[in-house]
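Here is the structure we will look at.
Note: hydrogens, waters and symmetry copies are ignored here, and every other heavy atom, side chains too, is used.
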Amino acid sequence: MTTPHDQLRLLPWSGPDGKPCFLSADDNAGYLSRLADDTEAMQLGLGSELLDHALEVLSAEHADADELRLLATDLTGALKDAVRVATSRGHRLATPAPSPHRNALKLLAIHQYRA
């Protein structure tokens, strides 16, 4: 398995113009890498808490339209953060070496899907 060290890391925040920010670093223990790790953990933790709150609101018999709109807005932001974290982490995963069985597995999956 190999991990590309020259790959840019998508950071969990945007620049002033709303565009994504990237970090180029060989050392995952640097200040900005640790700050990004802490920010991702905070975003995911807040998203989890928001999900618990959403379950409470949605289980209530009557939910105010304004409360539901605010909840939807907050959930949208949390989902956006979670997707950004998943994308960043996915790009940093080790790349598996090619498998001689990969094509056979693809064919099997396609066959099972069509069945």
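- Evaluation of the side-chain contact (heavy atoms from CB on, under 4.5 Å) rule for D64 yields D66, E67 as partners, not counting sequence neighbours.
- Heavy-atom minimum distance, A78 versus G47: CB-CA, 4.1 Å.
- When all heavy atoms of L8 and S24 are compared, the closest pair comes out as CD2-CB, 3.3 Å.
- Annotation for M42: hydrophobic cluster partners, listed by chain and number, are L46 (ILVMFWY side-chain heavy atoms under 4.5 Å, direct or chained).
- Legend: residues meeting side-chain contact (heavy atoms from CB on, under 4.5 Å) with D17, ordered by chain and number and at least two apart, are K19.
- When every heavy atom of C21 is checked against every heavy atom of G15, the shortest pair comes out as SG-N, 3.3 Å.
- Grouped with L23 in one hydrophobic cluster are L11, W13, Y31, L32, L35, the linkage being side-chain heavy-atom contacts under 4.5 Å among Ile, Leu, Val, Met, Phe, Trp and Tyr residues.
- Among residues at least two apart or in separate chains, salt bridge (charged side-chain N to carboxylate O under 4.0 Å, His left out) pairs with a member in residues 29-40 are R9-D37, R9-E40, E40-R89, E40-R92.
- Judged as a salt bridge (charged side-chain N to carboxylate O under 4.0 Å, His left out), not a single pair has a partner in residues 53-63 (not counting sequence neighbours).
- Remark: S14 engages R84 in a side-chain contact (heavy atoms from CB on, under 4.5 Å) (not counting sequence neighbours).
- Listed by first and then second residue, the side-chain hydrogen bond (donor to acceptor under 3.5 Å, both in side chains) pairs involving residues 70-80 amount to none (not counting sequence neighbours).
- With hydrogens and angles disregarded, a donor-acceptor distance shorter than 3.5 Å links the side chain of Q43 to the backbone of P12.
- Other members of the hydrophobic cluster containing L50, listed by chain and number, are V57, L58, L68, L71, L75; membership follows side-chain contacts under 4.5 Å among ILVMFWY residues, whether direct or relayed.
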